[in-house]
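Inspection log for the structure reproduced underneath, given as structure tokens.
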Amino acid sequence: MIKKGIAHVGVFFLYLLSLLPLPFLFFFARLLYYLLYYVIGYRKKVVRQNLTQSFPEKSAAEIKVIEKKFFIYLAELIFEIIKMTSISKSEVLKRVTFTGLEQLESHFKAGESVLACTGHYGNWELGTLALGLSISAKTLVIFKPIKNKIFETWFDCMRTKFGNVFIAMRQTLRGIAAYKNEPTLLCFASDQSPTREEARYFTDFLNQPTAALLGVEKIAKSTRRPIYYFKVSVVKKGYYHVEVIPMCLDPESIHEFGITDLHFKFLENIIKDQPQYWLWSHKRWKFKPEQKE
């Protein structure tokens, strides 16, 4: 009961905090950066190891520069997500712009559903919120639930406030079936880590074998839905641009694991361009191919 009470107080505090304008929140973000990086050292070893393994050609000094930029952005991202609790539609659309949405609309007008791929790059949460406001079809988003149910409810309210539908990863097929009679955009953050039992395929990503979830590929091949990649760019602090790029319009013609390799290659190219905006604090490489059994 005490833990639940603290969680409820925390959620209420986050709502009050979200009422402040983002420039004020970014001031707090800079303080959080110093706390995370210099005082707590939050997952600093994980971040440095991930960066070092991903960019073996870079010096220790270059790695440290990226590392600090990442922690600055991580702190800003945390407050951007908090702001989403009370953000208005107009501010969402001001902060996230798109090119290429007309490609999706051509499918929707024909009564067709589409798959969307992206990664945990930039503010994927805000981008998803903006996407639902920018297209005519229903936006369905696949996600991994978190353990704390109170904060899960807070996240769910924030994510679905403008009509998006979030579907737990293990309920993907059931979610697709529920909307089978209308055009939809089914969105995947395809760089999530599988469990050890789910790690049936490893792709080459950022200079190391990487366990990959095969959900996008399986659904694309079984439903014959075209796949588009959502390339996120950080325009400036708090502002993003998303380019919609055709990734695979005929999934049946691609060899096994080809779609999986393709979306990881798309993400890798984006990360190499501006690496500080990917989620390096995630323990992405927890086990190797020889350990998958």
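This chain uses plain numbering: 1 for the first residue, then up along the sequence. Quick caveat, the model's predicted, so the values are computed rather than measured.
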Taking the side chain as everything from C-beta on, heavy atoms only, tell me whether [X] gets closer than 4.5 Å to [Y].
| X | Y | result |
| --- | --- | --- |
| Y277 | N123 | no |
| F266 | D261 | no |
| Q192 | H120 | yes |
| E105 | S136 | yes |
| H263 | E217 | no |
| I227 | L249 | no |
| T203 | Y201 | yes |
| V235 | Y240 | no |

Can a side-chain donor-acceptor contact be found between [Y] and [X] if the only test is distance below 3.5 angstrom?
| X | Y | result |
| --- | --- | --- |
| T118 | W124 | no |
| T128 | E125 | no |
| S54 | N207 | no |
| E243 | S233 | no |
| Q274 | Y73 | no |

Quick one: [atom1] on [X] to [atom2] on [Y], what's the gap to the nearest 0.5 Å?
| X | Y | atom1 | atom2 | value |
| --- | --- | --- | --- | --- |
| Q49 | R284 | CD | CZ | 14.0 Å |
| L133 | F98 | CG | CZ | 9.0 Å |
| Y228 | C117 | OH | SG | 13.0 Å |
| L77 | L126 | CG | CG | 9.5 Å |
| C157 | E152 | SG | CD | 10.0 Å |
| I63 | F70 | CD1 | CZ | 13.5 Å |

Inspect the contact between E252 and R224 and indicate whether a charged nitrogen and a carboxylate oxygen are less than 4.0 angstrom apart. yes

Any Lys/Arg nitrogen of K272 or E268 sitting under 4.0 Å from an Asp/Glu carboxylate oxygen of the other?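 A salt bridge is present here (some side-chain N lies under 4.0 Å from a carboxylate O).
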
[X] side chain vs [Y] backbone, donor-acceptor pair below 3.5 Å:
| X | Y | value |
| --- | --- | --- |
| R95 | G127 | no |
| E198 | R196 | no |
| R43 | S281 | yes |
| K83 | L20 | yes |
| T210 | D204 | no |
| R48 | A60 | no |
| K221 | I254 | yes |
| N50 | H282 | yes |
| T85 | Y15 | no |

Kindly indicate whether a cation-pi arrangement holds for [X] with [Y], taking the cut-offs as under 6.0 Å to the six-membered ring centre and within 45° of the axis.
| X | Y | result |
| --- | --- | --- |
| K44 | Y37 | yes |
| K237 | F26 | yes |
| K58 | F55 | yes |

How close do [X] and [Y] get, counting heavy atoms only, and between which atoms?
| X | Y | answer |
| --- | --- | --- |
| I142 | M169 | CG2-CA, 3.7 Å |
| P226 | V114 | O-CG1, 3.6 Å |
| L74 | L279 | CD1-CD1, 4.2 Å |
| I259 | A220 | CD1-CB, 4.2 Å |
| L25 | F79 | O-CG, 3.7 Å |
| F287 | A199 | CE1-CB, 3.4 Å |

Side-chain heavy atoms nearer than 4.5 Å, only ILVMFWY residues, links allowed to pass through others: does that put [X] and [Y] together?
| X | Y | answer |
| --- | --- | --- |
| I40 | I72 | yes |
| V47 | Y33 | yes |
| V141 | L173 | no |
| F71 | V65 | no |
| V11 | I87 | yes |

Could you check R159 against F143 for side chain to side chain contact (heavy atoms under 4.5 Å, CB included), going step by step and ending with a plain yes or no? CA-CA 11 Å; R159 289 164 160 171; F143 78 106; 3.7 Å; yes

Near [X] [atom1], under 6.0 Å, is it more than 12 heavy atoms from other residues, nucleotides or ligands?
| X | atom1 | value |
| --- | --- | --- |
| F108 | CZ | yes |
| Y38 | OH | yes |
| K144 | NZ | yes |
| Y239 | OH | yes |

Worked check of side chain to side chain contact (heavy atoms under 4.5 Å, CB included) between I219 and L115: CA-CA 9 Å; I219 291 172; L115 303 182; 4.1 Å; yes

With side chain to side chain contact (heavy atoms under 4.5 Å, CB included) as the criterion, how do V242 and T97 come out once you've worked through the C-alpha distance, each side chain's angles and the decisive distance to 0.1 Å? CA-CA 6 Å; V242 182; T97 57; over 6 Å; no

Evaluate the side chain to side chain contact (heavy atoms under 4.5 Å, CB included) criterion for residues E62 and S59: first the C-alpha distance (whole Å), next the side-chain angles of each, then the deciding distance (0.1 Å), finally the verdict. CA-CA 5 Å; E62 290 173 313; S59 67; 3.3 Å; yes

Atom pairs and distances, side-chain donor-acceptor, residues 181-188, under 3.5 Å, sequence neighbours left out:
from	atom 1	to	atom 2	distance (Å)
T184	OG1	S113	OG	3.3

With a 6.0 Å cut-off on the ring centroids, do W280 and Y42 count as close?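 When the ring centroids of W280 and Y42 are compared, they turn out to be at least 6.0 Å apart.
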
